[in-house]
Amino acid sequence: METGLKNRVAIVAASSQGIGRATAEAFAAEGCRVAMCARNKESLTAAAEKSTAITIQKSWPNPSTDRSHAVRDFVNAVVQKFGSADICVTNAGGPPAKGFLATTMDEWKRAVDANFMSVVYFAHQVIPHMQKKKWDAS
């Protein structure tokens, strides 16, 4: 079946393991050029060694820092290398694996920032490239 994804450039965030990695590998299997990134350089490198899906790597800084610049730099590197950014899948972890009341407000805030703001950062950087290709971002 032709999915129309061949040669598209897919960015997949937090893709060194779990759902993110499986997503990146699925896009690669459809013929996409896949750009993966993760905060942990070691796990990203290990994923790169085990998978042919990885075509570019980027290690993000500590998750408690402002990641907007890291996302901008990563998206710019992807576009420079591949000429576009057609697909963007954001992915991030949740709060620590413990009970609701045992999770501190700071831990909840970090989880919300990681999950919500990463979407905002990626959308802000990727949408202009999609609009150049006449993708509708309204």
Side-chain angles (χ1 to χ4, degrees):
M1 172 171 52
E2 174 57 40
T3 60
L5 295 176
K6 188 172 183 168
N7 294 320
R8 298 272 189 199
V9 177
I11 293 173
V12 184
S15 50
S16 65
Q17 58 189 354
I19 292 171
R21 182 170 170 185
T23 301
E25 289 176 350
F27 277 122
E30 292 296 323
C32 286
R33 294 174 288 164
V34 181
M36 299 170 72
C37 60
R39 291 185 312 251
N40 185 299
K41 186 175 183 176
E42 292 77 25
S43 65
L44 186 62
T45 301
E49 292 170 357
K50 294 178 184 175
S51 173
T52 59
I54 298 174
T55 51
I56 188 170
Q57 302 179 51
K58 177 68 178 177
S59 178
W60 280 0
N62 184 308
S64 64
T65 63
D66 177 15
R67 299 187 308 177
S68 64
H69 291 82
V71 171
R72 181 200 62 213
D73 293 348
F74 176 65
V75 171
N76 286 341
V78 170
V79 171
Q80 183 175 9
K81 181 172 179 117
F82 298 120
S84 68
D86 303 307
I87 301 162
C88 183
V89 177
T90 60
N91 179 37
K98 56 185 175 181
F100 182 86
L101 294 177
T103 304
T104 68
M105 288 299 138
D106 285 340
E107 290 169 329
W108 282 114
K109 180 162 179 13
R110 283 193 299 272
V112 168
D113 285 347
N115 284 279
F116 177 71
M117 290 309 297
S118 64
V119 173
V120 172
Y121 297 150
F122 271 104
H124 190 263
Q125 295 302 315
V126 173
I127 286 173
H129 299 288
M130 292 178 173
Q131 286 176 323
K132 287 178 188 175
K133 290 188 145 187
K134 306 295 184 212
W135 290 84
D136 185 12
S138 53

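The basis for the numbers below is simple: all heavy atoms, side chains too, and nothing from hydrogens, waters or symmetry mates.
Here the OH-CZ distance, from Tyr121 to Phe116, works out to 10.0 Å after rounding to the nearest 0.5 Å. Expressed to the nearest 0.5 Å, how far SG of Cys32 lies from CD1 of Ile11 amounts to 11.5 Å. Atom-to-atom distance recorded for Ser16:OG and Arg21:CZ is 8.0 Å, nearest 0.5 angstrom. Considering CD of Gln17 and CG of Leu44, their distance stands at 10.0 Å, rounded to 0.5 Å. In this structure, Ser68 OG and Asp73 CG are separated by 9.5 Å, a value rounded to the nearest 0.5 Å. Expressed to the nearest 0.5 Å, how far OG of Ser118 lies from CG of Asn91 amounts to 8.5 Å.
The cluster map of Ile, Leu, Val, Met, Phe, Trp and Tyr, joined by side-chain heavy atoms under 4.5 Å apart, puts Phe82 and Met130 in the same cluster. Hydrophobic cluster membership is shared by Val120 and Val126, with clusters built from Ile, Leu, Val, Met, Phe, Trp and Tyr side chains linked at under 4.5 angstrom. Taking hydrophobic clusters as Ile, Leu, Val, Met, Phe, Trp and Tyr residues chained together by side-chain heavy-atom distances below 4.5 Å, Val12 shares a cluster with Leu5.
Residues Ala13 and Thr90 approach most closely at CB-CA, 4.1 Å, considering heavy atoms. Heavy atoms only, all atoms of each residue included: Glu42 and Asn40 are closest at N-OD1, 2.9 Å. Nearest heavy atoms, Val34 versus Ala24: CG2-O, 3.6 Å.
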Let me see the working for Val78 and Val9 under side chain to side chain contact (heavy atoms under 4.5 Å, CB included), right down to the final yes or no. CA-CA 8 Å; Val78 170; Val9 177; 3.7 Å; yes
With side chain to side chain donor-acceptor pair (under 3.5 Å) as the test, would you mind laying out the steps for Thr3 and Glu30 before giving the verdict? CA-CA 7 Å; Thr3 60; Glu30 292 296 323; 2.9 Å; yes
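The 12-atom threshold is exceeded at NZ of Lys133, counting heavy atoms of other residues, nucleotides or ligands nearer than 6.0 Å.
Side-chain N or O atoms of Arg33 include one that pairs as donor or acceptor with a backbone N or O of Asn7 at under 3.5 Å. In this structure a side-chain-to-backbone donor-acceptor pair under 3.5 Å is missing from Asp86 to Arg8.
Taking the side-chain contact (heavy atoms from CB on, under 4.5 Å) definition, one finds that Asn76 meets it with Arg72, sequence neighbours left out.
Between Lys109 and Asp113, at least one side-chain N (NZ, or NE/NH1/NH2) sits under 4.0 Å from a carboxylate O, which counts as a salt bridge.
The aromatic rings of Phe122 and Phe74 sit perpendicular, their planes meeting at an angle over 60°, well past the 30° parallel limit.
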